[in-house]
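These notes are about the structure you will find just below.
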Amino acid sequence: QPLQPSLFWYYLLELSFYWSLVFTLPFDVKRKDFKEQIVHHAATILLISFSYCANYIRIGTLVMVIHDASDCFLEPTKIFNYMKWKKTCDSLFMIFSAVFLISRLVIFPYTVLYNTYYYSMEIFQPFFGYYFMNALLIILQLLHVFWSCLIIHMVYKFILQGTMEKDMRSDTEESDKDEEREKIREKEKNGITYFSNVTSNNYIQRNGSEPLNNRTHLTNGHVKER
(Lines give C-alpha, C1' and ligand atoms only; values in the text may rest on other atoms or scores of the structure.)
Protein backbone atom coordinates (compact mmCIF):
# COMPACT_ATOMS: atom_id res chain seq x y z
CA GLN A 1 0.00 0.00 0.00
CA PRO A 2 2.08 2.97 -1.18
CA LEU A 3 1.63 6.13 0.86
CA GLN A 4 0.57 9.03 -1.32
CA PRO A 5 1.39 12.62 -0.24
CA SER A 6 -2.31 13.49 0.04
CA LEU A 7 -2.89 10.57 2.42
CA PHE A 8 0.17 11.55 4.45
CA TRP A 9 -1.23 15.04 5.03
CA TYR A 10 -4.66 13.59 5.73
CA TYR A 11 -3.17 11.36 8.43
CA LEU A 12 -1.18 14.26 9.85
CA LEU A 13 -4.23 16.56 10.04
CA GLU A 14 -6.40 13.90 11.65
CA LEU A 15 -3.76 13.01 14.22
CA SER A 16 -3.10 16.65 15.10
CA PHE A 17 -6.84 17.32 15.39
CA TYR A 18 -7.43 14.54 17.91
CA TRP A 19 -4.33 15.47 19.88
CA SER A 20 -5.71 19.03 20.10
CA LEU A 21 -8.96 17.60 21.48
CA VAL A 22 -6.99 15.74 24.15
CA PHE A 23 -5.15 18.92 25.18
CA THR A 24 -8.33 21.03 25.32
CA LEU A 25 -10.52 18.38 26.97
CA PRO A 26 -9.65 19.40 30.58
CA PHE A 27 -10.74 22.99 29.81
CA ASP A 28 -14.03 22.12 28.08
CA VAL A 29 -17.45 21.80 29.72
CA LYS A 30 -17.58 18.58 31.73
CA ARG A 31 -20.34 16.48 30.20
CA LYS A 32 -21.87 13.13 31.03
CA ASP A 33 -19.74 11.39 28.40
CA PHE A 34 -16.45 12.87 29.61
CA LYS A 35 -14.95 9.41 30.26
CA GLU A 36 -16.25 8.12 26.93
CA GLN A 37 -14.60 11.08 25.20
CA ILE A 38 -11.24 10.19 26.77
CA VAL A 39 -11.59 6.55 25.67
CA HIS A 40 -12.61 7.64 22.16
CA HIS A 41 -9.69 10.04 21.72
CA ALA A 42 -7.18 7.49 23.05
CA ALA A 43 -8.51 4.71 20.80
CA THR A 44 -8.57 7.03 17.78
CA ILE A 45 -4.99 8.23 18.29
CA LEU A 46 -3.78 4.65 18.73
CA LEU A 47 -5.65 3.55 15.60
CA ILE A 48 -4.27 6.38 13.47
CA SER A 49 -0.72 5.85 14.72
CA PHE A 50 -0.80 2.05 14.46
CA SER A 51 -2.42 1.98 11.00
CA TYR A 52 0.23 4.42 9.75
CA CYS A 53 3.15 2.49 11.26
CA ALA A 54 1.79 -0.91 10.14
CA ASN A 55 0.97 0.50 6.69
CA TYR A 56 -2.77 -0.17 7.00
CA ILE A 57 -3.41 2.89 4.89
CA ARG A 58 -6.59 1.70 3.17
CA ILE A 59 -8.48 0.63 6.28
CA GLY A 60 -7.20 3.63 8.27
CA THR A 61 -8.30 6.11 5.63
CA LEU A 62 -11.71 4.43 5.34
CA VAL A 63 -12.27 4.67 9.11
CA MET A 64 -11.37 8.37 9.16
CA VAL A 65 -13.62 9.18 6.19
CA ILE A 66 -16.57 7.40 7.81
CA HIS A 67 -16.10 9.42 11.00
CA ASP A 68 -15.61 12.72 9.19
CA ALA A 69 -18.81 12.23 7.19
CA SER A 70 -21.00 13.08 10.20
CA ASP A 71 -18.58 15.40 12.02
CA CYS A 72 -18.74 17.95 9.21
CA PHE A 73 -22.44 18.44 10.05
CA LEU A 74 -21.95 18.39 13.83
CA GLU A 75 -19.79 21.50 14.10
CA PRO A 76 -22.13 23.81 12.11
CA THR A 77 -25.03 22.47 14.18
CA LYS A 78 -23.25 23.58 17.36
CA ILE A 79 -22.46 27.00 15.88
CA PHE A 80 -26.05 27.73 14.85
CA ASN A 81 -27.29 26.43 18.20
CA TYR A 82 -25.13 28.97 20.05
CA MET A 83 -26.27 31.65 17.59
CA LYS A 84 -29.93 30.84 18.44
CA TRP A 85 -30.77 30.06 14.79
CA LYS A 86 -33.26 27.37 15.76
CA LYS A 87 -34.59 26.40 12.32
CA THR A 88 -31.16 26.09 10.75
CA CYS A 89 -29.87 24.24 13.80
CA ASP A 90 -32.79 21.80 13.77
CA SER A 91 -32.37 21.09 10.05
CA LEU A 92 -28.65 20.43 10.37
CA PHE A 93 -29.25 18.31 13.46
CA MET A 94 -31.62 16.02 11.56
CA ILE A 95 -29.10 15.69 8.71
CA PHE A 96 -26.32 14.97 11.20
CA SER A 97 -28.44 12.35 12.97
CA ALA A 98 -29.21 10.52 9.73
CA VAL A 99 -25.59 10.56 8.54
CA PHE A 100 -24.28 9.53 11.98
CA LEU A 101 -26.65 6.58 12.39
CA ILE A 102 -26.10 5.31 8.85
CA SER A 103 -22.31 5.72 8.84
CA ARG A 104 -21.64 4.48 12.38
CA LEU A 105 -24.25 1.72 12.75
CA VAL A 106 -24.48 0.44 9.16
CA ILE A 107 -21.46 1.31 7.02
CA PHE A 108 -18.81 1.00 9.75
CA PRO A 109 -19.69 -2.50 11.03
CA TYR A 110 -20.65 -4.00 7.66
CA THR A 111 -17.77 -2.46 5.70
CA VAL A 112 -14.89 -2.02 8.16
CA LEU A 113 -15.41 -4.54 10.93
CA TYR A 114 -16.43 -7.32 8.59
CA ASN A 115 -13.30 -6.93 6.46
CA THR A 116 -10.89 -6.55 9.36
CA TYR A 117 -12.40 -9.38 11.40
CA TYR A 118 -13.43 -12.00 8.82
CA TYR A 119 -12.07 -11.20 5.36
CA SER A 120 -8.50 -10.56 6.53
CA MET A 121 -8.30 -14.11 7.94
CA GLU A 122 -8.79 -15.48 4.45
CA ILE A 123 -5.54 -13.82 3.38
CA PHE A 124 -3.35 -13.66 6.51
CA GLN A 125 -2.89 -15.69 9.67
CA PRO A 126 -3.79 -14.10 13.05
CA PHE A 127 -1.02 -11.94 14.52
CA PHE A 128 -0.68 -9.12 17.07
CA GLY A 129 -1.87 -6.40 14.73
CA TYR A 130 -5.03 -8.34 13.95
CA TYR A 131 -6.11 -8.53 17.60
CA PHE A 132 -4.94 -5.02 18.50
CA MET A 133 -6.60 -3.33 15.52
CA ASN A 134 -9.91 -5.15 15.91
CA ALA A 135 -10.01 -4.52 19.66
CA LEU A 136 -9.73 -0.77 19.09
CA LEU A 137 -12.32 -0.85 16.29
CA ILE A 138 -14.78 -2.73 18.51
CA ILE A 139 -14.24 -0.12 21.25
CA LEU A 140 -15.15 2.57 18.72
CA GLN A 141 -18.26 0.64 17.71
CA LEU A 142 -19.40 0.37 21.34
CA LEU A 143 -18.98 4.13 21.68
CA HIS A 144 -20.99 4.56 18.46
CA VAL A 145 -23.85 2.58 19.99
CA PHE A 146 -23.69 4.69 23.17
CA TRP A 147 -23.84 8.01 21.32
CA SER A 148 -26.46 6.68 18.91
CA CYS A 149 -28.79 6.03 21.85
CA LEU A 150 -28.40 9.66 22.94
CA ILE A 151 -29.01 10.93 19.41
CA ILE A 152 -32.11 8.75 18.95
CA HIS A 153 -33.46 10.08 22.25
CA MET A 154 -32.90 13.67 21.06
CA VAL A 155 -34.58 12.91 17.72
CA TYR A 156 -37.55 11.43 19.58
CA LYS A 157 -37.85 14.59 21.69
CA PHE A 158 -37.51 16.70 18.54
CA ILE A 159 -40.40 14.87 16.86
CA LEU A 160 -42.62 15.32 19.92
CA GLN A 161 -41.71 18.92 20.79
CA GLY A 162 -40.88 20.27 17.33
CA THR A 163 -37.55 21.73 18.42
CA MET A 164 -34.17 20.35 19.30
CA GLU A 165 -33.60 19.65 22.98
CA LYS A 166 -30.40 20.73 24.71
CA ASP A 167 -27.35 18.48 24.52
CA MET A 168 -28.21 15.20 26.24
CA ARG A 169 -24.59 14.70 27.22
CA SER A 170 -24.71 17.42 29.88
CA ASP A 171 -27.09 18.49 32.60
CA THR A 172 -26.65 22.22 31.94
CA GLU A 173 -24.78 24.01 29.22
CA GLU A 174 -22.65 27.07 30.02
CA SER A 175 -24.88 29.13 27.76
CA ASP A 176 -27.92 27.95 29.70
CA LYS A 177 -26.23 29.00 32.93
CA ASP A 178 -25.58 32.46 31.50
CA GLU A 179 -29.22 32.78 30.45
CA GLU A 180 -30.40 31.76 33.91
CA ARG A 181 -28.10 34.35 35.50
CA GLU A 182 -29.44 37.06 33.18
CA LYS A 183 -33.04 36.13 34.03
CA ILE A 184 -32.28 36.26 37.75
CA ARG A 185 -30.65 39.68 37.36
CA GLU A 186 -33.64 40.99 35.41
CA LYS A 187 -36.03 39.70 38.06
CA GLU A 188 -33.96 41.33 40.79
CA LYS A 189 -33.89 44.64 38.91
CA ASN A 190 -37.63 44.51 38.27
CA GLY A 191 -38.28 43.69 41.90
CA ILE A 192 -36.15 46.60 43.14
CA THR A 193 -37.81 49.02 40.70
CA TYR A 194 -41.28 47.87 41.67
CA PHE A 195 -40.46 48.11 45.38
CA SER A 196 -39.06 51.64 45.01
CA ASN A 197 -42.15 52.79 43.03
CA VAL A 198 -44.52 51.36 45.63
CA THR A 199 -42.67 52.91 48.59
CA SER A 200 -42.42 56.32 46.91
CA ASN A 201 -46.16 56.37 46.10
CA ASN A 202 -47.04 55.36 49.65
CA TYR A 203 -44.79 58.08 51.03
CA ILE A 204 -46.48 60.74 48.88
CA GLN A 205 -49.98 59.60 49.87
CA ARG A 206 -49.11 59.55 53.59
CA ASN A 207 -48.07 63.21 53.39
CA GLY A 208 -51.45 64.18 51.92
CA SER A 209 -50.21 65.10 48.48
CA GLU A 210 -50.73 63.49 45.11
CA PRO A 211 -48.23 62.35 42.52
CA LEU A 212 -46.99 64.97 40.13
CA ASN A 213 -48.67 63.35 37.15
CA ASN A 214 -52.09 64.15 38.72
CA ARG A 215 -51.38 67.91 38.64
CA THR A 216 -51.70 70.41 35.80
CA HIS A 217 -49.14 73.19 35.40
CA LEU A 218 -50.31 76.64 34.31
CA THR A 219 -48.34 79.16 32.34
CA ASN A 220 -47.87 81.47 35.35
CA GLY A 221 -46.04 78.79 37.29
CA HIS A 222 -48.93 77.89 39.64
CA VAL A 223 -50.20 74.38 39.96
CA LYS A 224 -53.86 73.58 39.58
CA GLU A 225 -55.30 70.49 41.21
CA ARG A 226 -57.30 68.18 38.92
Among side-chain atoms of Tyr110 and Asn115, is any donor-acceptor pair under 3.5 angstrom?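 Looking only at side-chain atoms, Asn115 and Tyr110 do not form any donor-acceptor pair under 3.5 Å.
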
Is it the case that Arg104 and Ser70 place a side-chain donor and acceptor less than 3.5 Å from each other?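 Side chains of Arg104 and Ser70: pair found under 3.5 Å.
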
Mind checking what makes ring-ring contact (aromatic ring centres under 6.0 Å, His included) contact with Tyr11, not counting sequence neighbours?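 Partners of Tyr11 under the ring-ring contact (aromatic ring centres under 6.0 Å, His included) test: Tyr52.
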
If you define the side chain from C-beta out and look only at heavy atoms, does anything of [X] sit under 4.5 Å from [Y]?
{"X": "Gln141", "Y": "His144", "result": "yes"}
{"X": "Phe93", "Y": "Val155", "result": "yes"}
{"X": "Phe50", "Y": "Tyr56", "result": "yes"}

Nearest 0.5 angstrom please: Ile66 CD1 to Asp71 CG, how far?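 Here the rounded value is 12.0 Å.
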
Got a second to check how far Thr116's OG1 is from Leu62's CG, nearest 0.5 Å?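 Separation between the atoms: 10.0 Å.
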
Intermediate values then yes/no, ring-ring contact (aromatic ring centres under 6.0 Å, His included), His40 and Trp147: CA-CA 11 Å; His40 175 268; Trp147 282 315; 5.4 Å; yes

Give a yes or no on this: more than 12 heavy atoms of other residues, nucleotides or ligands lie within 6.0 Å of atom CZ of Phe146.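 Correct, the count exceeds 12.
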
Return yes when atom CD of Gln4 has more than 12 non-hydrogen atoms of other residues, nucleotides or ligands closer than 6.0 Å, and no otherwise.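 Count not over threshold, so no.
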
Please work out which of the three classes, parallel, tilted or perpendicular, describes the rings of Tyr18 and His41, given edges at 30° and 60°.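 Judged by the thresholds at 30° and 60°, the geometry between His41 and Tyr18 is tilted.
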
Given Leu137, which partner from the list Phe132, Phe108, Tyr117 fulfils the side-chain contact (heavy atoms from CB on, under 4.5 Å) test?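 The single option meeting the side-chain contact (heavy atoms from CB on, under 4.5 Å) with Leu137 is Phe108.
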
